[in-house]
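Here the structure is laid out as structure tokens; the discussion comes afterwards.
Quick note: numbers below take in every heavy atom, side chains included, and nothing from hydrogens, waters or symmetry partners.
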Amino acid sequence: MSAAAAIAAPPRHSRPSPLNPNATAMAITTKPNAVCTKTHLANLDRLLLRPPPLPLPVRPKKALADEPGGGDREETTTDSDERKGRRGGLLNALNLSTFLPFTGRPATDEMSPRSLAQMQRLLTLSPRPSPRGSIAAEWRRYHGEGAWKGLVDPLDQNLRREVLRYGDFVQAAYTAFHSMPSSPSHGRGQHRALVLPDRSYRPTRSLFATSSLTIPPWVQRRSAPKWLTQRTSFAGYVAVCDNEREVRRMGRHDIVIVLRGTATCPEWAENLRTGLVPVSDDDDGDDATAAQNVPKVAKGFLSLYKTAGDHVPSLSDAIVEEVRRLIEVYKGEELSITVVGHSLGASLALLAADELSACLAADAASNSTAADDHQPPPVSVVSFGGPKAGNRAFADRLQHERGVNVLRVVNAGDVVTRVPGLVKPTTMAEGYVHAGGAELTLDSRDSPCLRPDAGPACCHDLEAYLHLLDGFMGSGRPFRADASRSVAGLLVYQRTSVKRAYVERARVLGFEPAAMPRAATANGAGTADGQYGFLASPS
């Protein structure tokens, strides 16, 4: 697949989603809704779980300005506001709206009762997973056998649910890191207590990544937290599905390796080391022709994967050791191995899958007998917003020799998926390619909740990925009307990229992101605005 095809946006929808609050353009061809705003709000009040306040009428701009602090509030849109919104397009495209005031597009007040009911449900914090259908008979197909042919576009509802769950596992890794990034347990590599969104999976081991780089003391700022410059950090975890009911539904025990994206300064520095190096010393070619066929990956990614810490093993050794242990525990039972990552974690996931498939194949060959042809568990990768990790030889080996299936979930507006790292050297314009497999292309402009000019940070944010995935049905199809994932996370992490109508209705419902629980740091203080997901998302 060419690079242009990989980032091409799906066709635009001629019919807007019923969730889209800005669907006034259809008023000419459709019957207008005659219900007034006050009636909508009264209808919305009946949907609230707690005693509602009095209906809030739409107040004019002058009344808002006369109230204490009214100048800081969003006001009724005027012609001057629209001009400001157009001028702010560049700021929002550069994601500077997070730091500078920005007036968004005017939001319509006329919405159908169904739209308001749907919005109230999407703003709730209670998870509403899709119905669980049994995939036991076809679990290998859903795990990647056949490169997910016929399941991605249009998107199969069972595959959507499985991939959403893997994405939530990565969010749990982000939460675990930013809740206590400088925890003393990091230095000793102790297993951290993790709470997973799906209790049918049990965490078995914490994973730590160590950078080979050290931030010079003269670069470090006294006001910056220590975790920003630490070499070894919590990077993810290994978990296994051991719930009997879920094992029957899925048809096997699933071992999942979860890896987060960039969060510390040494990790950012490793992202910039984009020189291609052999994956192992044995892969080094003797001549120029052989060197072109040597599997190579980015130097920084390999450094984070192979470097051991002062008190912890390397990420590579920890993953292989724990997976081998779990295979022995569940010996004789059906197993699968899924490596999941976002951004940097997606690249590390490819390295882990490459090594695991080779090690497990060697283990199976040594344990096989003439009467028992032992086969290793299949290995697959689910990648969210991953950059290119290596060259063509690495991608070919991963797909054809190792037999690793890779499902790449990408956002058409995510620039990270188009580069070998965060910086693309001019000398390596053709050196990097994406790993083969299936690609599921999303587009932020398809969302009824996100602004069409959402900035780069929003396009790469994991919560935005999961929101788009929940509503994706297929190329050229409208956003799923019964999408059930809460948009509360978007309001917390990417508030400036959410359409104004949703922000206003969230206030009516009493939802304030500032009141959300904050992630605690090592000294007990909360991180700014509790935006742990946003801090880790740019890479």
Side-chain angles (χ1 to χ4, degrees), residues 129 139 142-144 148 152 158-177 194 196-198 200-207 209 234-241 246 250 252-263 301 304-305 315-316 318-320 322-323 326 335-357 377-387 389 398 404-411 416-417 434-435 437-440 442 460-466 468-470 533 536-537 539:
W139 74 264
Y142 282 99
H143 192 251
W148 293 277
V152 174
N158 289 319
L159 180 61
R160 176 191 293 113
R161 192 189 188 285
E162 299 300 309
V163 177
L164 280 172
R165 174 166 60 180
Y166 290 136
D168 283 328
F169 285 164
V170 182
Q171 283 285 39
Y174 278 127
T175 306
F177 170 77
L194 298 170
L196 301 187
D198 191 327
S200 60
Y201 280 75
R202 174 176 56 86
T204 63
R205 179 165 181 168
S206 296
L207 301 175
F234 173 84
Y237 56 91
V238 180
V240 62
C241 179
E246 185 67 5
M250 295 196 304
R252 86 282 188 190
H253 291 276
D254 184 35
I255 300 173
V256 59
I257 298 99
V258 181
L259 300 167
R260 62 164 176 82
T262 308
F301 297 157
L304 286 170
Y305 184 66
L315 184 60
S316 166
I319 290 176
V320 173
E322 181 63 13
V323 170
L326 291 174
L335 289 173
S336 67
I337 298 173
T338 309
V339 196
V340 189
H342 171 244
S343 193
L344 168 65
S347 297
L348 297 177
L350 295 176
L351 293 173
D354 179 71
E355 183 176 27
L356 276 175
S357 59
V379 180
S380 69
V381 173
V382 178
S383 161
F384 295 94
L398 190 67
V404 174
N405 302 300
V406 180
L407 176 60
R408 297 180 52 248
V409 184
V410 301
N411 188 342
V416 174
T417 62
H434 278 298
E439 180 178 300
L440 200 166
L442 310 172
H460 188 59
D461 186 80
L462 179 58
E463 185 59 36
Y465 263 88
L466 301 182
L468 295 172
L469 179 62
D470 187 44
S537 292
S539 174

Exercise. Could you go step by step and tell me if Leu442 and Val409 meet the side-chain contact (heavy atoms from CB on, under 4.5 Å) rule?
Worked result: CA-CA 7 Å; Leu442 310 172; Val409 184; 3.8 Å; yes

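- Taken from OG in Ser200 to CE in Met250, the straight-line distance is 6.5 Å, to the nearest 0.5 Å.
- Across Arg408 and Ala435, no two heavy atoms sit closer than the pair CD-O, 3.8 Å.
- Looking at heavy atoms from C-beta onward, Leu356 lies in side-chain contact with Ile257 at the 4.5 angstrom threshold.
- Of the possible polar contacts, none joining the Tyr174 side chain to the Ala263 backbone as a donor-acceptor pair under 3.5 Å is found.
- Listed here is the closest heavy atom pair of Val258 and Ala173: CG1-CB, 4.1 Å.
- Evaluation of the ring-ring contact (aromatic ring centres under 6.0 Å, His included) rule for Tyr465 yields no partner, not counting sequence neighbours.
- Counting heavy atoms from C-beta outward, Leu466 and Gln171 have side chains that approach closer than 4.5 Å.
- In this structure, CD1 in Ile255 is found 12.5 Å from CD1 in Ile319, a value given to the nearest 0.5 Å.
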Problem set entry | Stepwise side-chain contact (heavy atoms from CB on, under 4.5 Å) check, Leu304 with Leu344 | CA-CA 10 Å; Leu304 286 170; Leu344 168 65; 3.8 Å; yes

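- The shortest distance between side-chain heavy atoms of Pro203 and Leu196 falls below 4.5 Å.
- Checked by atom type and distance alone, the side chain of His342 pairs as donor or acceptor with a backbone atom of His460 at under 3.5 Å.
- When all heavy atoms of Pro377 and Leu335 are compared, the pair lying nearest together is CB-O, 3.7 Å.
- To the nearest 0.5 angstrom, Leu164 atom CG is 4.5 Å from Leu469 atom CG.
- The minimum heavy-atom distance linking Leu207 with Ala318 is given by the pair CD2-CB, 3.9 Å.
- Rounding to the nearest 0.5 Å gives a distance of 7.0 Å between SG of Cys241 and CG of Asp198.
- Using a distance-only test at 3.5 Å, with no hydrogens or angles considered, no donor-acceptor pair links the side chain of His143 to the main chain of Asp254.
- In terms of heavy atoms, Phe301 sits closest to Leu348 at O-CD2, 3.5 Å.
- No donor-acceptor pair under 3.5 Å is formed between the side chain of Ser380 and the backbone N or O of Asn405.
- Looking at Arg260, its side chain does come within 3.5 Å of a backbone N or O of Phe234 through a donor-acceptor pair.
- We find the CZ-CG distance between Arg161 and Asp470 to be 11.0 Å, quoted to the nearest 0.5 Å.
- Between Pro378 and Arg252, the closest side-chain pair of non-hydrogen atoms is not below 4.5 Å.
- A distance of 14.0 Å separates CZ in Phe384 from OG1 in Thr417, rounded to the nearest 0.5 Å.
- Using a 4.5 Å heavy-atom cutoff, the side chains of Tyr305 and Leu351 are in contact.
- Closest heavy-atom contact between Glu355 and Ser316: OE1-OG, 2.5 Å.
- For the pair Val381 and Leu398, the minimum side-chain heavy-atom distance is 4.5 Å or more.
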